[in-house]
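Sequence positions, counted from 1, serve as the residue numbers for this chain. Keep in mind the model is a prediction, meaning the values are calculated, not measured.
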Amino acid sequence: MKFKIVKLRQLSGKKATLYTVLLEGERKSLFERFLDENENDFSDEIVDIIDRLGVMANQVGAIKPFFKENEGRLGDLVCALYDSPKANLRLYCLRLGNAVIILGGGGRKLKTIRAFQEDDKLSKENSLMRLISKLLNEKMKEGEIFWLNDLELGGDLTLGTDE
């Protein structure tokens, strides 16, 4: 499985840069797919998510109060965008400090389940973000992906496994 981290220029700002993931052979990124899958049933929540991303990108940065951390394994940077108690959607992402957010996918999290592992779709989306985090971390340690400045990633933003 191969994929590329791509910058979301229209959502990035002076306080945080937003990226998403494009899987090899796909036309839409994980975040675009998330929006498409949920825009009809949860349009108000989609607007709220876009608004919160805009506040982070342009006003405050990717600060902790916007995220539910430790949504994966300890130290893997996988988190979920916080939502209101009555919200239905869960959006997974990687938070790299206050400067970079890599948006993944997600879906509806029923209030009747306690953990994402109880839902096949959420479990799959979370697992993919954990893999992306692992591969990103490896490439950063090897110096193939690096900080261009305080807000952007540079280098070879293509990741993958032979699986």
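In terms of modelled atom types and a separation under 3.5 Å, the side chain of N126 and the main chain of L122 share no donor-acceptor contact. T17 places a side-chain N or O within donor-acceptor distance of the main-chain N or O of L151, the cut-off being under 3.5 Å. Side-chain atoms of N137 never come within 3.5 Å of backbone atoms of S133 as a donor-acceptor pair (strictly under, hydrogens ignored). A donor-acceptor distance shorter than 3.5 angstrom exists from the side chain of T20 to the backbone of F31, with no hydrogens or angles considered. Of the possible donor and acceptor atoms, none in the side chain of E45 sits under 3.5 Å from a partner among the backbone N and O of A87. The main-chain N or O of L8 is found under 3.5 Å from a side-chain atom of S12 such that the two form a donor-acceptor pair.
Residues passing the side-chain contact (heavy atoms from CB on, under 4.5 Å) test with E125, sequence neighbours excluded: R33, Y92, K121. Here K28 pairs with E32, D36 under the side-chain contact (heavy atoms from CB on, under 4.5 Å) rule; sequence neighbours left out. The salt bridge (Lys or Arg N to Asp or Glu O under 4.0 Å) check on K64 picks up nothing, with sequence neighbours excluded. Every salt bridge (Lys or Arg N to Asp or Glu O under 4.0 Å) that D48 has, sequence neighbours left out, goes to R52. Remark: N149 engages E152 in a side chain to side chain donor-acceptor pair (under 3.5 Å) (not counting sequence neighbours). With sequence neighbours excluded, the residues forming a side-chain contact (heavy atoms from CB on, under 4.5 Å) with Q59 are V55, listed by chain and number. Among residues two or more places apart in sequence or in another chain, the side-chain contact (heavy atoms from CB on, under 4.5 Å) test is passed with N70 by L74. A search for salt bridge (Lys or Arg N to Asp or Glu O under 4.0 Å) contacts involving E24 returns nothing, not counting sequence neighbours. The salt bridge (Lys or Arg N to Asp or Glu O under 4.0 Å) search around K139 returns E144, D156, not counting sequence neighbours.
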Distance-only criterion, 3.5 Å: show the donor-acceptor pairs between side-chain atoms of residues 95-103 and protein atoms not counting sequence neighbours.
unit_1: R95; atom_1: NE; unit_2: A62; atom_2: O; d: 2.6
unit_1: R95; atom_1: NE; unit_2: G97; atom_2: O; d: 3.3
unit_1: R95; atom_1: NH1; unit_2: E69; atom_2: OE2; d: 3.2
unit_1: R95; atom_1: NH2; unit_2: A62; atom_2: O; d: 3.2
unit_1: R95; atom_1: NH2; unit_2: N98; atom_2: OD1; d: 2.8

**OP:** Take L128 and K124 through the test side-chain contact (heavy atoms from CB on, under 4.5 Å) and record every step on the way to the result.
**Re:** CA-CA 6 Å; L128 181 56; K124 178 182 170 190; 5.9 Å; no

Subject >> Working for side-chain contact (heavy atoms from CB on, under 4.5 Å), residues L30 and F3 >> reply: CA-CA 10 Å; L30 295 181; F3 38 89; over 6 Å; no

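Taking both residues in full, the closest heavy atoms of F67 and C93 are given as CE2-SG, 3.7 Å, listed atom of the first, atom of the second, then distance. In terms of heavy atoms, M129 sits closest to L94 at CE-CG, 3.6 Å.
For K7, the NZ atom is densely surrounded, since the number of other residues' heavy atoms within 6.0 Å is greater than 12.
Distance NZ/K2 to CG/L23: 12.5 Å, rounded to 0.5 Å.
Annotation for F146: hydrophobic cluster partners, listed by chain and number, are L148 (ILVMFWY side-chain heavy atoms under 4.5 Å, direct or chained).
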